[in-house]
Amino acid sequence: RPQHLAIYGKGGIGKSTTTSNIAAALAEAGYKVVQIGCDPKSDSTNTLRGGAWLNTVLDRTRDGSAPRLEDIAAVGYRGVICVEAGGPVPGVGCAGRGINAAISLLHELHLFEEAKPDVVLYDVLGDVVCGGFAVPIREGLTDRVYVVSSADFMAVYAANNLFRAINKYAPSGGARLGGLIANSIQPGFSRPLIDDFAARTGTRAVEYVPRSPTVAQSELCGRTVIEAAPASPQADVYRALARTIVEDTSSVIPKPLAPAELRQWARDWGDLLLRDGAPQPAAVAA
Ligand code: ADP
Ligand code: SF4
Ligand code: MG
């Protein structure tokens, strides 16, 4: 059975960028990869396909027609198979239910038997962890979840909510947490802050991805960093991240902070940084 890995995180935090670079790095290393965009934004796989938009599964099924595999799956960079679940008509229907329908259809069309992937990546948003968006965590569809977070409070807040969802479903067969992917890391406090949050919630950062202009430059030409700037240090970070998440299969049930605890934790960090202007994570922990 292939490894099924779900990437969650706040909107705009870098899930699609990170997921596509993981897919490209794995493909480069010889893995057969399927990437399924489960965000109604439907732009998960664009940089694997020269910036092109893919027809979504939900668009293809909306008129009641039965699409074939080749109508909804496209081959991207180095053979990565790309799928976009899509979203409901704005204002109508449940985006979460749409994800579920899209994944069921992929199973019915025998995508996994035909493509025989080693790794299946689900790029899912995580601002809301309603029943709908928790589907990939909940129903045993995925083996492990990785949560992308920067050091911004709202990103950490979304990560903590995802931990609550994982914590709820993992004991009854839901996915466990592989770890945090720390994104947009800059010199200063972002790394110690994320490390402190990870330690307090019983997890770890599996990789620290720097904030880098190479990402935006690659995106402008509709490509991943792996494809557009293969010799860059940023490409090597994505290669290391990709290797870690397929080779290190350890996982935990995270211990989310209570909402009041999380707010107090953030305030302590804020006070400390405003006072000292330098990261002193040990002082926060004390
Ligand atoms: P999401 O899928 O979580 O909504 P995206 O992957 O679309 O987020 O990323 C949002 C924006 O942030 C994109 O323009 C992307 O290029 C940029 N971005 C993501 N990660 C980085 C990074 N490490 N360095 C610089 N820019 C980044
Ligand atoms: Fe929206 Fe989530 Fe409710 Fe579906 S389950 S209608 S996605 S809030
Ligand atoms: Mg996205």
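Order of listing sets the numbers, starting from 1, for every ligand and every atom in it.
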(request) May I ask which of R211, Q186, E219 has a heavy atom nearer to atom 14 (O) of ligand 1 than the others do? (result) E219
(request) Go through ligand 1 atom by atom and flag the ones less than 4.0 Å from a non-hydrogen atom of K10. (result) 3 (O)
(message) How close do V156 and S150 get, counting heavy atoms only, and between which atoms?
(response) CG2-O, 3.7 Å
(message) So for ligand 1, is S16 a polar contact partner (N or O within less than 3.5 Å, distance only)?
(response) yes
(request) Consider ligand 1: state whether an atom of it lies below 4.0 angstrom from any non-hydrogen atom of S212. (result) yes
(request) Can you spot which of E28, E247, E207 makes a salt bridge (Lys or Arg N to Asp or Glu O under 4.0 Å) with R239? (result) E28
(request) Check each atom of ligand 2 against the heavy atoms of A95 and keep those under 4.0 Å away; list them by number with element. (result) 7 (S)
(message) Within ligand 2, which atoms have a heavy atom of F133 less than 4.0 Å away?
(response) 7 (S)
(request) Run through T45, T56, N55 and flag the one making a side-chain hydrogen bond (donor to acceptor under 3.5 Å, both in side chains) with E84. (result) T45
(request) Please confirm whether P210 comes under 4.0 Å of ligand 1, counting heavy atoms of the residue only. (result) yes
(message) Geometry only, no angles: is V209 polar-contacting ligand 1 at N/O separations under 3.5 Å?
(response) no
(request) Around atom 4 (O) of ligand 1, find the nearest protein heavy atom and jot down its residue, atom name and distance. (result) G12 N, 2.7 Å
(message) Counting only heavy atoms closer than 4.0 Å, does ligand 1 sit against the backbone of K15, its side chain, both, or neither?
(response) both
(message) Strictly distance-based, threshold 3.5 Å: is any side-chain N or O of N21 a donor or acceptor partner for the main-chain N or O of I226?
(response) yes
(request) Please answer whether the main-chain N or O of K15 pairs with a side-chain N or O of T17 as donor and acceptor at a distance below 3.5 Å. (result) no
(message) Quick check on atom 4 (Fe) of ligand 2: does C94 put an N/O/S atom closer than 2.8 Å to it?
(response) yes
(request) Give the residue and atom name of whichever protein heavy atom lies nearest to atom 5 (S) of ligand 2, and the separation in Å to one decimal. (result) G132 N, 3.4 Å
(request) Just need the protein heavy atom nearest to atom 20 (N) of ligand 1, so name the residue and atom and give the distance. (result) N183 ND2, 3.0 Å
(message) Students should be able to answer this: which protein heavy-atom is nearest to atom 8 (O) of ligand 1, and at what distance?
(response) G14 N, 3.1 Å
(message) Is the ring pair F163/F197 parallel, tilted or perpendicular, if the boundaries are 30 and 60 degrees?
(response) parallel
(request) Would you tell me whether D195 and Y208 have side-chain atoms, one donor and one acceptor, within less than 3.5 Å of each other? (result) yes
(request) Verify the distance test for T17 against the Mg ion (ligand 3): any N/O/S atom under 2.8 Å, yes or no. (result) no
(request) Please name the pair of heavy atoms, one in T142 and one in A175, separated by the smallest distance, quoted to 0.1 Å. (result) O-CB, 3.4 Å
(message) Assess whether a salt bridge exists between R267 and D271, defined as any Lys/Arg side-chain N lying under 4.0 Å from an Asp/Glu carboxylate O.
(response) no
(request) List the atom of I99, the atom of C38, and the distance in Å for their closest heavy-atom pair. (result) CD1-O, 3.2 Å
(request) Taking the side chain as every heavy atom from C-beta outward, state whether Y122 and I103 have any atom pair closer than 4.5 Å. (result) yes
(message) Heavy atoms only, cut-off 4.0 Å: how does V148 contact ligand 1, side chain, backbone, both, or neither?
(response) neither
(message) Using a strict threshold of under 4.0 Å (side-chain N to carboxylate O), is an ion pair present between R1 and D143?
(response) yes
(message) To check your reading of the model: name the closest protein heavy atom to atom 7 (S) of ligand 2, its residue, and the distance in Å.
(response) G96 N, 3.4 Å
(message) Just by distance, no angles: are the side chains of Q35 and S44 close enough, under 3.5 Å, to form a donor-acceptor pair?
(response) yes
(request) Would you confirm whether any non-hydrogen atom of the protein falls under 4.0 Å from atom 2 (Fe) of ligand 2? (result) yes
(request) May I ask you to check whether V215 has an N/O atom sitting below 3.5 Å from an N/O atom of ligand 1? (result) no
(request) Distance to 0.1 Å, residue and atom name: give those for the protein heavy atom nearest to atom 9 (O) of ligand 1. (result) T17 OG1, 3.5 Å
(request) State the atoms of ligand 1, each with its element, that fall below the 4.0 Å cut-off from a heavy-atom position in K41. (result) 4 (O)
